Amino acid sequence: MAKQNLDMRYKRQEMFDITEKELMPFNANGKNYLAYGNVNLSVFVSDYCNASCNFCVAQLRYFHDGVDYIKPVITDEKEYYGKLKVMLDTVKPLDPSVSLTGGEPTLDPKLPMILNILDSYNVRKRTITTNGSGLLKKVKGSNDTILDRLADYKLQHLNISRAHYDEKTNDRIMGLKNPPLSDSELEEIIRISNENNIRPRLSCILIKEGVNSVKEMVKYMDWAESIGIDNVVFRQLMKFDEKTVKPGRIPDFCKSQGVNLIPLWESLDKDERFSFTTQILGYYYYVEVFKYKNIDMVSEMADLTLIEKEKERSLKKTNGVPVIYELVFHPNGNLCGSWREWKEIIT
Ligand code: SF4
C-alpha cells in the first residue's frame with residue numbers, strides 16, 4: 001500500500017478537514033449554516049426493533065451521552081407525514097442522499113407512505129438499513145410485500161445486518177424474533193433485490209464471539225457470494241466515551257467484544273487474495289475497501305468521541321458558522337444535525 005494511504009490509515013481524523021470539502025451555504029429557520037456538499041439525510045423511521053443485538057449503535061449513541069434510549073414520537077400519522085414534507089421542502093436545496101433507518105424500519109406501518117412521499121420529492125441515492133425481517137411481510141390491505149414497495153420506490157442500496165454466516169450463530173448474536181429471518185428467506189430477498197436493480201449488501205459486525213479474523217471474514221464472504229451478494233461491510237465496534245457512557249448491557253458488550261481492524265488490514269496487505277481499492281475518511285469514521293474475488297469488501301471503524309471535537313474544530317475554522325455534516329429526521333419531527341433529537345435542531 002502506498003505511503004499516503006498508510007498515513008491516512010494510521011492518522012485518520014488528524015488528517016480530516018471539512019473545510020477542504022465542498023460546503024454549501026444553507027439557511028433554515030433564519031439561521032445560517034454550511035452544509036457538507038454530499039450530505040446524507042437519515043430518516044429514522046422508528047426506534048422499535050425486533051432484534052436484541054448487544055452492539056446496537058442506535059442505542060449506543062444515547063448511552064454514550066449518558067442518557068436512556070427513549071425517542072419521543074409523533075403519534076398522529078397525518079401530522080408526521082406533514083412534518084416529513086415540510087422537512088423535505090427545507091432540505092431540497094441540499095439535494096441530500098436519503099437513507100431509511102431505525103430501529104427496524106421495515107416493521108413500521110408508516111414505511112409505505114414514507115416511501116411514497118420520498119419518491120414524490122424525487123430524492124437521490126436511496127438506501128435502507130434493516131435486519132431484513134420485515135421485507136417479505138405484506139403491506140396492510142395489499143398483496144405487495146415491503147420489498148415490492150421498496151422496488152417500486154427504486155431503492156438502490158439494501159443494507160441487511162447479518163452478524164454471522166451460520167444461521168443459528170446469527171440468531172444467537174442478533175436475537176431476531178417476531179418475525180425471525182431464515183437463511184432461505186434471506187436468499188429469496190437477495191434474489192428479488194437483484195432482479196429489481198436493488199444492490200443488496202450484508203453488514204457484519206466484528207466481534208470476538210463471531211466473525212473475528214481474516215479466516216472468518218473469508219468464510220462470511222464465500223457464503224455471501226454463494227447466495228448472490230457482491231458487496232459486504234465489516235464493522236469494528238464503535239468506540240465511545242467510557243467516562244460519560246450510561247453503563248449497561250450494550251457498552252459492557254462493546255468494551256469486551258471488540259476486534260481491532262488495524263491488524264486485520266495489515267494481514268490483508270500481505271494476502272494475495274485481497275487487493276486494496278480505496279479508502280474514505282469521514283468526520284468520525286474511516287473506511288478501507290478491498291476486492292476479494294467478486295466481492296467489494298468494505299471495512300469501517302468509527303469513534304463517537306470524535307464527533308463533538310470535530311464540530312468544535314470546524315466552528316473555529318468557519319468563524320462560528322455551524323457545519324452540517326449529516327441530517328437526521330427523528331420520529332418526533334425534528335430535523336437535526338445529530339442522531340439525538342434534542343441536539344443541533346435545525347427545524
Ligand atoms: S438490528 Fe439494528 S437496530 Fe435492531 S437491535 Fe440490532 S443493531 Fe439495533
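Just so it is clear, the model here is predicted, and its values are computed rather than measured. Both counts, for ligands and for their atoms, begin at 1 and track the order of listing.
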Is N196 reaching over with its side chain to a backbone N or O of I192, donor-acceptor style, under 3.5 angstrom?
yes
Between Y80 and F329, what is the ring plane arrangement, given parallel below 30°, perpendicular above 60°, and tilted in between?
tilted
Passing option when Y220 is tested against K215, H164, R162 for side-chain contact (heavy atoms from CB on, under 4.5 Å):
R162
Residue pair Y36 / Y283, side-chain heavy-atom distance below 4.5 Å:
no
Proximal protein residues to ligand 1, non-hydrogen atoms under 4.0 angstrom:
C49, A51, C53, C56, G103, N131
Once you measure the plane-to-plane angle for F55 and F253, does it fall in the parallel (<30°), tilted (30-60°) or perpendicular (>60°) bin?
tilted
May I ask you to check whether W265 and Y286 place their ring centres under 6.0 Å from each other?
yes
